[in-house]
Undergrad: 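Take a look at the following structure, please.
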Amino acid sequence: MEMYPKSISSEILKEDIKVINKPFMYIKRYKDKIFRVYNSELRRIIFKVIDINGEQKTVGVFHQPDWILATAKWTNKKYKKISKYYSKLYYNHEYFDVYRNVNEEKWYLTSNNMPLNLKPEEKEILKKVEENATIELIKEDEKQ
């Protein structure tokens, strides 16, 4: 017994595939504020396919560079300057949350403050991506 009727083809046509390549962006809520975190050095590539019902379905999401999943900046409230960069990485087949202090060249695991050893070219890429991130306040609670 066949799984699909013969009139339905299992091949994916080129016109049924949509590739969206855009800068990485996400919305962050912190207390009574909403921020947009944007990074043009980290690309998000989304593959969508039109299914048998004519609906567009996401079948894959990738990043370029592929081992950097997200980045963010932390601003010191007292001095109103960026003090740390935070990143989520998929590195050597493991997931890591890391941070780097401003003006330093070392990354540390957020879980135990142990240094993460990166190759010199990886350090350069990660630093460039981290420093390119922008944070924009998009909404503040009116109750303040």
Side-chain angles (χ1 to χ4, degrees), residues 2-4 8-144:
E2 289 186 30
M3 199 167 180
Y4 299 106
I8 299 173
S9 172
S10 62
E11 76 180 57
I12 299 171
L13 303 175
K14 192 172 185 175
E15 57 266 17
D16 291 341
I17 300 171
K18 184 176 183 182
V19 179
I20 303 163
N21 185 339
K22 60 183 183 179
F24 179 76
M25 191 272 304
Y26 65 94
I27 302 297
K28 173 89 173 162
R29 293 179 187 272
Y30 182 72
K31 297 185 180 179
D32 53 351
K33 297 178 182 173
I34 301 173
F35 298 91
R36 178 183 295 123
V37 180
Y38 176 86
N39 195 322
S40 62
E41 287 293 323
L42 181 59
R43 307 294 298 179
R44 177 171 274 179
I45 303 162
I46 303 167
F47 287 88
K48 295 187 176 212
V49 175
I50 297 175
D51 71 6
I52 199 165
N53 298 319
E55 297 174 5
Q56 201 172 76
K57 303 286 182 176
T58 299
V59 293
V61 177
F62 303 92
H63 288 178
Q64 185 64 34
D66 60 355
W67 55 281
I68 303 173
L69 306 178
T71 60
K73 297 177 181 181
W74 182 263
T75 304
N76 182 309
K77 290 180 186 178
K78 183 177 179 182
Y79 301 110
K80 305 234 185 271
K81 290 184 179 180
I82 295 165
S83 61
K84 288 188 181 185
Y85 296 98
Y86 288 90
S87 297
K88 290 182 182 289
L89 308 176
Y90 182 69
Y91 188 74
N92 288 338
H93 309 290
E94 290 186 59
Y95 291 95
F96 295 105
D97 288 333
V98 299
Y99 71 90
R100 175 177 67 89
N101 294 314
V102 171
N103 300 323
E104 286 188 11
E105 300 291 325
K106 279 190 154 190
W107 283 263
Y108 301 92
L109 302 174
T110 56
S111 59
N112 59 14
N113 294 323
M114 295 296 292
L116 177 67
N117 295 317
L118 298 168
K119 296 175 187 167
E121 61 272 12
E122 294 166 337
K123 288 180 180 182
E124 187 178 318
I125 291 168
L126 183 53
K127 184 177 179 182
K128 183 178 178 183
V129 170
E130 286 176 338
E131 291 176 353
N132 189 263
T134 59
I135 301 173
E136 171 190 2
L137 177 65
I138 56 176
K139 187 176 181 186
E140 198 164 354
D141 193 355
E142 291 83 25
K143 295 177 187 176
Q144 291 184 7

Undergrad: Are any of the side-chain heavy atoms of Pro65 and Leu42 separated by less than 4.5 Å?
TA: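 Touching, per the 4.5 Å side-chain cut-off.
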Undergrad: Side chains of Trp107 and Glu122: donor-acceptor distance under 3.5 Å anywhere?
TA: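 Distance-only check fails for Trp107 and Glu122.
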Undergrad: Evaluate the side-chain proximity of Lys127 to Glu105: yes if any heavy-atom separation is below 4.5 Å, no if none is.
TA: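 Side chain of Glu105 against side chain of Lys127, heavy atoms only: contact under 4.5 Å found.
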Undergrad: Output, in order, the C-alpha distance, side-chain angles, deciding distance and verdict of side-chain contact (heavy atoms from CB on, under 4.5 Å) for Lys88 and Tyr95.
TA: CA-CA 7 Å; Lys88 290 182 182 289; Tyr95 291 95; over 6 Å; no
Undergrad: Could you please spell out the steps behind the side-chain contact (heavy atoms from CB on, under 4.5 Å) verdict for Leu126 and Tyr85?
TA: CA-CA 10 Å; Leu126 183 53; Tyr85 296 98; over 6 Å; no
Undergrad: Looking at Ile68, Leu69, Val129, which one forms a side-chain contact (heavy atoms from CB on, under 4.5 Å) with His63?
TA: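 Option passing the side-chain contact (heavy atoms from CB on, under 4.5 Å) with His63: Leu69.
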Undergrad: Check step by step if side chain to side chain donor-acceptor pair (under 3.5 Å) holds for Ser40 and Asn132.
TA: CA-CA 7 Å; Ser40 62; Asn132 189 263; 3.0 Å; yes
Undergrad: Counting distance only, does the side-chain N/O of Arg43 pair as donor-acceptor with the main-chain N or O of Asn21 below 3.5 Å?
TA: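 Checked: pair present.
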Undergrad: Roughly how far, to the nearest 0.5 Å, is CD of Glu130 from NZ of Lys123?
TA: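 Here the rounded value is 12.5 Å.
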Undergrad: Looking at Lys106 and Pro115, would you say the former's side chain and the latter's main chain have a donor-acceptor pair under 3.5 Å?
TA: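 Flag not set: sc Lys106 to bb Pro115 has no pair under 3.5 Å.
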Undergrad: Atom CG of Asn92 and atom CG of Leu116: how far apart are they, to the nearest 0.5 Å?
TA: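 So the gap between those two atoms works out to 8.5 Å.
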Undergrad: What distance separates Leu137 CG from Arg36 CZ, expressed to the nearest 0.5 Å?
TA: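 One finds 10.5 Å between CG of Leu137 and CZ of Arg36.
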Undergrad: What orientation do Tyr99 and Tyr86 show, parallel under 30°, tilted 30 to 60°, or perpendicular over 60°?
TA: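 Tilted, since the angle between the ring planes falls between 30° and 60°.
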Undergrad: Tell me whether Asn53 contacts the main-chain N or O of Glu55 through its side chain, where contact means a donor paired with an acceptor under 3.5 Å.
TA: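 Judged by distance alone, no pair lies under 3.5 Å.
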Undergrad: Does Tyr91 form a side-chain contact (heavy atoms from CB on, under 4.5 Å) with Val98? I'd like the steps, not just the answer.
TA: CA-CA 11 Å; Tyr91 188 74; Val98 299; over 6 Å; no
Undergrad: Apply side-chain contact (heavy atoms from CB on, under 4.5 Å) to residues Leu109 and Phe96 and explain how you reach the verdict.
TA: CA-CA 7 Å; Leu109 302 174; Phe96 295 105; 3.4 Å; yes
Undergrad: Can you confirm whether Asn117 is buried at CG, in the sense that more than 12 heavy atoms of other residues, nucleotides or ligands lie under 6.0 Å from that atom?
TA: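 Atom CG in Asn117 is not crowded, with 12 or fewer foreign heavy atoms closer than 6.0 Å.
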Undergrad: Below 4.5 Å, heavy atoms only, C-beta onward: do Glu131 and Arg100 meet side chain to side chain?
TA: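 Glu131 vs Arg100: side chains touch.
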Undergrad: Would you say that more than 12 heavy atoms from the other residues, nucleotides or ligands in this model lie under 6.0 Å from the CD of Gln56, or not?
TA: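 Yes - once you tally the heavy atoms of other residues, nucleotides and ligands closer than 6.0 Å, there are more than 12.
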